[in-house]
Amino acid sequence: MNLALFDLDHTLLPIDSDYEWGQFLIRIGAVDADQFKKSNAEWFAQYQAGTLDPVKYLEFTFGTLSSFPRKQLDAWHVQFMKEVIIPRITPQALDLLQQHHDAGDLVAIVTATNSFVTEPIAKALGVDFLIASDPETTDDGEITGKLLDTPTYGPGKVIHTHAWLATMDMTLSSFPRSFFYSDSHNDLPLLLLVTDPIATNPNALLKAHADAHGWSILQLFDE
């Protein structure tokens, strides 16, 4: 059995689900449009530039979520999936995931986007294992606004991947081959640890690194 790890945004999806969730909240009038649009754009630009402070960003994200009852959030997310995510799931992404499932590989999504946004997306993609930043919740499931543990961003993806494998008494070396598909140079810490790093729809910095080191490059979609 091999290990197949996937980033989510701009890797399996041709969009950034975190950014689109923010845009969705603006469209439905759940948040102040001008203020939230400015913040959303600033955070997204920092992520693209590799300067994002993931703790501050997640505190902002979870703080926004904590403003609403969980029942309302879940209803909005069903609408978000229908209107935004499902139409952007491509046959190419599903085929790639299916290839690894058919090969008997252990498949997981490792994403910097929080688990509230991404858990239903992972299910829609047919992936059972999700490694993502979790919000703190009350006993009855309400989001408090606080972050649990280390963000799954950059080196945090390595920490959480090791911890997840340890729950099954495994390590990266337990697998003959370990794949990690990602579009971003922010994921270099984990890309450098697997046997098969695959730059997928790579940004300019990751493509340059992949070219220099002879890594495989996969263009899963044109966007």
Side-chain angles (χ1 to χ4, degrees), residues 3-13 15-25 30-31 39-40 43-44 47 52-86 88-89 93 97 106-168 180-184 186-187 189-190:
L3 176 67
L5 305 173
F6 292 85
D7 178 47
L8 179 63
D9 300 314
H10 297 295
T11 299
L12 288 174
L13 294 178
I15 57 174
D16 186 293
S17 59
D18 210 2
Y19 175 80
E20 293 298 336
W21 170 252
Q23 295 300 103
F24 172 78
L25 291 179
V31 295
S39 297
N40 208 25
W43 291 119
F44 188 56
Y47 172 76
L52 180 72
D53 183 325
V55 173
K56 289 183 178 180
Y57 173 68
L58 286 164
E59 288 174 347
F60 165 77
T61 299
F62 293 151
T64 300
L65 294 175
S66 70
S67 302
F68 307 100
R70 185 58 184 262
K71 187 175 181 180
Q72 178 65 79
L73 289 172
D74 290 341
W76 282 340
H77 203 296
V78 171
Q79 181 182 351
F80 174 67
M81 289 293 296
K82 180 179 179 181
E83 295 179 1
V84 179
I85 299 300
I86 299 300
R88 306 311 295 274
I89 293 178
L97 288 165
L106 179 61
V107 178
I109 289 173
V110 191
T111 176
T113 301
N114 70 80
S115 60
F116 169 78
V117 170
T118 56
E119 188 172 357
I121 299 173
K123 290 180 180 178
L125 290 168
V127 177
D128 293 331
F129 297 103
L130 172 69
I131 302 170
S133 298
D134 291 322
E136 180 186 73
T137 59
T138 63
D139 290 341
D140 56 356
E142 298 297 325
I143 293 174
T144 69
K146 296 180 180 179
L147 166 68
L148 285 180
D149 210 351
T150 306
T152 49
Y153 177 82
K157 288 194 175 184
V158 175
I159 294 170
H160 281 275
T161 298
H162 284 323
W164 168 65
L165 289 172
T167 65
M168 298 175 283
F180 182 35
Y181 296 80
S182 174
D183 71 294
S184 176
N186 293 316
D187 284 337
L190 185 52

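The shown structure was predicted, so the numbers you read here are calculated from the model rather than taken from an experiment. One is the number of the first residue; the rest follow in order along the sequence. Because only heavy atoms are used, hydrogens play no part in the values below, and waters and symmetry mates are left out as well, while side chains stay in.
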Between Phe24 and Trp76, is a ring pair (Phe, Tyr, Trp, His ring centres under 6.0 Å) present by the stated rule, with each step listed? CA-CA 9 Å; Phe24 172 78; Trp76 282 340; 7.4 Å; no

Taking the basic N atoms (NZ, or NE/NH1/NH2) and the acidic carboxylate oxygens, is any pair closer than 4.0 Å for Arg70 and Asp140? no

Thr161 side, atom OG1; Leu190 side, atom CG - distance, nearest 0.5 Å: 5.0 Å

For the residue pair Phe60 and Ser39, what are the closest heavy atoms and their distance? CZ-CB, 3.8 Å

Check: Ala132 main-chain N/O paired with His160 side-chain donor or acceptor under 3.5 Å: no

Rounded to the nearest 0.5 angstrom, the CG-CD1 distance for Asp7 and Ile131 is 11.5 Å

For Ser115 against Pro120, the heavy-atom pair lying closest together: O-CD, 4.4 Å

Supply the atom-to-atom distance His10 NE2 to Asp16 CG, rounded to the nearest 0.5 angstrom. 5.0 Å

Measure the CG-NZ distance between Leu125 and Lys123 for me, rounded to the nearest 0.5 Å. 12.5 Å

Nearest heavy atoms of Val107 and Phe129, plus distance in Å: O-CD1, 3.5 Å

Taking atom types as modelled, find out whether Tyr57 and Asp18 have a side-chain donor-acceptor pair closer than 3.5 angstrom. yes

Looking at every non-hydrogen atom in both residues, tell me the closest pair between Thr113 and Thr111 and how far apart they are. N-OG1, 3.0 Å

Nearest non-hydrogen partners of Pro54 and Tyr153, listed with the distance: CG-CD2, 3.7 Å

Could you verify whether a donor N or O on one side chain and an acceptor N or O on the other, from Thr152 and Ser133, lie under 3.5 Å apart? yes

What heavy-atom pair brings Asp134 and Leu147 nearest, and what distance separates the two atoms? O-CD1, 3.8 Å

Looking at Pro189, is its backbone amide N or carbonyl O close enough to the side chain of Lys157 to form a donor-acceptor pair, meaning the two atoms are under 3.5 Å apart? no

